[in-house]
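This report refers to the structure that appears directly beneath it.
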Amino acid sequence: MAYWLMKSEPDCFSIDDLAKRPNQISGWDGVRNYQVRNMFRDEMRIGDRAFFYHSSCAEPGVVGVMRIVSNAYPDPTQFDPKADHYDPKSTRENPRWLQVDVQFERKLDKPVTLATLRAHEAQLKGMLVLARGSRLSVTPVRPEHWDYVLKLAGE
DNA sequence: GCCAACGTTGGC
DNA sequence: GCCAACGTTGGC
């Protein structure tokens, strides 16, 4: 089983939004980055765990844990002219963008803010979300980093 | 709102 | 294939 970190702007889709979905499952749609698409397709597997990370907000950081519950499949929003992430160059015969389904597992008792992560940079050396200029919305997390972040959350 | 960093596009 | 222009991300 692999570990991941997945960013979302809480104004757009927060961990509480995920927890309120039927069965607490949602498609992780809207990804329009080839590296992330390839990770969905080639590396992510059902049963993997992911941190839910709130970005572009007052307190960016890790706020909860979720589970990957589907394989990669075409993101339907790419075909919808009214959707924010509509891609006119993508077709149903040859879809360009993929998504996976995620299921809410739990919120952290104590969210781990970006500032806290940075304060522990020595122990989290190599964690991609801390890398300078890192903009990927989905990144792999090493098991030792996963455990350490949970420790920072008081677990 | 600013701006650094980075990805994508498209002319050549 | 190069690279300038442009768009996006995301912390601050």
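These numbers come from the heavy atoms of this one structure, side chains and all, not from hydrogens, waters or symmetry mates. In what follows, chains carry the letters A, B, and so on, assigned in the order in which the sequence lines appear, proteins first and then strands, with residues in each chain numbered from 1.
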Report the distance from atom [atom1] of [X] to atom [atom2] of [N], rounded to the nearest whole Å.
X: A:H54; N: C:dT9; atom1: NE2; atom2: C1'; value: 17 Å
X: A:L130; N: C:dC12; atom1: CG; atom2: P; value: 11 Å
X: A:H85; N: C:dT9; atom1: NE2; atom2: C1'; value: 11 Å
X: A:L128; N: C:dG10; atom1: CG; atom2: C1'; value: 16 Å
X: A:R37; N: B:dT8; atom1: CZ; atom2: P; value: 10 Å
X: A:L114; N: C:dG10; atom1: CG; atom2: C1'; value: 10 Å
X: A:Q35; N: C:dT8; atom1: CD; atom2: C1'; value: 15 Å
X: A:L5; N: C:dT9; atom1: CG; atom2: C1'; value: 15 Å

Considering just the side-chain nitrogens and oxygens of [X], establish if one lies under 4.0 Å of OP1 or OP2 belonging to [N].
X: A:K7; N: C:dG10; result: yes
X: A:R132; N: B:dA5; result: yes
X: A:Y53; N: C:dG11; result: yes

Side chain [X], main chain [Y], donor-acceptor under 3.5 Å:
X: A:Q24; Y: A:R21; result: no
X: A:Q35; Y: A:L136; result: no
X: A:D87; Y: A:K89; result: yes

Establish, yes or no, whether a centroid distance under 6.0 Å links the rings of A:F51 and A:W146. yes
Result for 5'-nearest mapping on DNA chain B, choosing between A:K89 and A:G133, is A:G133
Quick note, A:R96 side chain, CB onward, closest among B:dG7, B:dT9, C:dC12 is B:dT9
Considering only heavy side-chain atoms of A:N33, the closest of C:dC12, C:dG10, B:dG7 is B:dG7
Between the side-chain atoms of A:R135 and the base atoms of C:dT8, is any donor-acceptor pair under 3.5 Å? yes
Notebook entry, point to check: Relative to each other, are the rings of A:Y34 and A:W97 parallel, tilted or perpendicular (30° and 60° limits)?
Noted result: tilted
